[in-house]
Amino acid sequence: MLIHPQFDPAAIRIGSFAIHWYGLMYLMAFAQFLLLGRLRIQAPRYQALGWTYKDLEDLLFAGVLGVVLGGRIGYTLFYMPSFYLSHPLNILKIWEGGMSFHGGLLGVLLALLWFAKKKGTQFFVVSDLVAPLVPFGLAFGRLGNFINGELWGRPTDLPWAMIFPLVDSVPRHPSQIYQLLGEGVLLGVVLWIYASKPRRVGQISGLFLLGYGLCRFLAEYAREPDAFLGLLGLGLSMGQWLCLPMIIFGIYLMQRRSTSLAS
């Protein structure tokens with residue numbers, strides 16, 4: 001049986017100044033987006049459109065706004081609508097926690113739509129560029145969750161069960177690691193390989209939606225549901241219900257016919 005190390009939430013301390021692990025993970029996620037993005041824009045389609053490093057920077061800036069605003073608004077709507085309708089000013093208190101991946105995804109989609117119009121190209125041309133870059137960023141986020149000892153798993157008696165002392169003394173799934181490896185590393189490698197060959201426009205985005213939806217849906221069986229929600233209809237968590245539309249639309253995008261190639 002393992003025990004969570006209870007890391008210091010600050011990765012670096014210099015006097016009263018501190019850089020927290022979660023902030024560092026965000027920086028790492030942004031850095032990998034720019035580094036891997038430089039490789040992605042070398043694809044023939046993006047070269048033909050005249051994509052530059054400045055485009056990547058603009059796309060990252062828009063995406064960050066989409067993640068933060070969409071993630072927060074999505075959390076208030078999907079998870080605690082009654083509370084935030086009664087306390088609307090609390091929506092602004094991001095530092096108190098409460099972000100939704102699915103809300104952040106919707107925010108990013110709006111950012112991509114804006115950028116596609118600005119660039120004068122198709123939405124799915126932009127989303128196909130971005131899709132293989134997202135999972136590795138998510139992996140850093142899940143690593144931050146693990147370091148902070150948050151979003152822990154359900155009780156289990158498996159040999160690698162972990163006790164999170166700040167929660168209780170019950171052995172639990174290290175579900176953050178499952179998500180890091182599944183929707184992060186595994187999905188990232190699969191998407192990178194898949195995107196290395198010419199694909200119909202929208203197929204790379206479709207594989208991301210399908211792959212993330214499946215990985216997250218399965219990981220939710222090991223992750224402790226939010227205490228204020230518990231399990232919903234059919235014994236599924238909110239995260240699982242929100243993944244179902246992703247899976248369905250992902251399959252649609254991969255199957256739909258298009259004569260235009262994504263790369």
Side-chain angles (χ1 to χ4, degrees), residues 2-40 53-76 79-80 89-105 107-108 111 130 132-153 162-167 172-189 192 212 216 219 223-224 226 239:
L2 306 173
I3 299 178
H4 185 266
Q6 300 183 78
F7 298 94
D8 185 333
I12 301 172
R13 291 184 185 274
I14 303 175
S16 60
F17 175 77
I19 299 178
H20 289 258
W21 281 108
Y22 210 64
L24 191 59
M25 293 302 106
Y26 268 104
L27 290 177
M28 296 294 288
F30 300 156
Q32 69 84 32
F33 178 92
L34 293 175
L35 290 173
L36 295 181
R38 296 187 79 159
L39 298 178
R40 289 287 293 143
Y53 189 69
K54 177 64 166 56
D55 290 323
L56 282 178
E57 293 178 331
D58 291 344
L59 192 53
L60 176 60
F61 179 75
V64 169
L65 288 179
V67 167
V68 175
L69 296 177
R72 185 58 173 172
I73 294 172
Y75 182 81
T76 64
Y79 291 90
M80 301 180 68
L89 291 180
N90 284 42
I91 296 176
L92 303 176
K93 298 179 180 180
I94 297 179
W95 57 89
E96 293 184 353
M99 297 287 281
S100 162
F101 166 81
H102 297 89
L105 176 62
V108 169
V130 171
L133 311 178
V134 175
F136 297 114
L138 294 177
F140 283 114
R142 294 309 179 193
L143 179 57
N145 293 146
F146 177 75
I147 291 174
N148 288 342
E150 59 193 12
L151 304 184
W152 51 85
M162 178 172 286
I163 293 176
F164 293 85
L166 295 180
V167 181
R172 297 175 176 276
H173 285 284
S175 55
Q176 313 96 325
I177 301 300
Y178 299 170
Q179 292 188 258
L180 185 159
L181 295 175
E183 68 202 42
V185 178
L186 176 61
L187 180 58
V189 170
W192 193 266
Y212 178 88
R216 175 69 182 269
R223 178 171 159 175
E224 184 73 19
D226 294 286

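Looking at Q179 and R216, their side chains come closer than 4.5 Å, going by heavy atoms from C-beta outward. Counting heavy atoms from C-beta on, the side chains of Y212 and V134 never come closer than 4.5 Å. A heavy-atom distance below 4.5 Å is not found between the side chains of L186 and L181. Taking the side chain as every heavy atom from C-beta outward, F33 and V130 approach each other to under 4.5 Å. At a threshold of 4.5 Å between non-hydrogen side-chain atoms, the residues I3 and P165 count as touching. Contact check for L133 versus W192: side-chain heavy atoms found under the 4.5 Å cut-off.
Within the model, atoms CG of L34 and CG of L39 stand 11.5 Å from one another, a figure rounded to the nearest 0.5 Å. To the nearest 0.5 Å, the span separating CG on L27 from CD1 on I19 amounts to 8.0 Å. H20 contributes atom NE2, which lies 6.5 Å from atom CZ of R13 (distance to the nearest 0.5 angstrom). Atom CD of E150 is separated from atom CG of L166 by 11.0 Å, given to the nearest 0.5 angstrom.
For the side chain to side chain donor-acceptor pair (under 3.5 Å) test, residues two or more places apart in sequence or in another chain that qualify with D55 are T52, K119.
Side chain of S175 to backbone of L151: a donor-acceptor contact under 3.5 angstrom is found. A donor-acceptor contact shorter than 3.5 Å is absent between the side chain of Q176 and the backbone of G149. No donor-acceptor pair closer than 3.5 Å links the side chain of W21 to the backbone N or O of L143. A donor-acceptor pair under 3.5 Å is formed between the side chain of H4 and the backbone N or O of F146.
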Check against side chain to side chain contact (heavy atoms under 4.5 Å, CB included), L24 and F140: CA-CA 9 Å; L24 191 59; F140 283 114; over 6 Å; no

Side-chain polar contacts of residues 56-63 - donor-acceptor pairs under 3.5 angstrom, sequence neighbours left out - could you list them?
{"unit_1": "D58", "atom_1": "OD1", "unit_2": "K54", "atom_2": "NZ", "d": "2.9"}
{"unit_1": "D58", "atom_1": "OD2", "unit_2": "K54", "atom_2": "NZ", "d": "3.1"}

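In this structure, G137 and Q32 approach most closely via the heavy-atom pair N-NE2, 3.4 Å. Residue H173 comes nearest to F164 through the heavy atom pair O-CE1, 4.1 Å, listed as atom of the first residue, atom of the second, then distance. Across all their heavy atoms, A18 and A10 have their closest contact at CB-CB, 3.9 Å.
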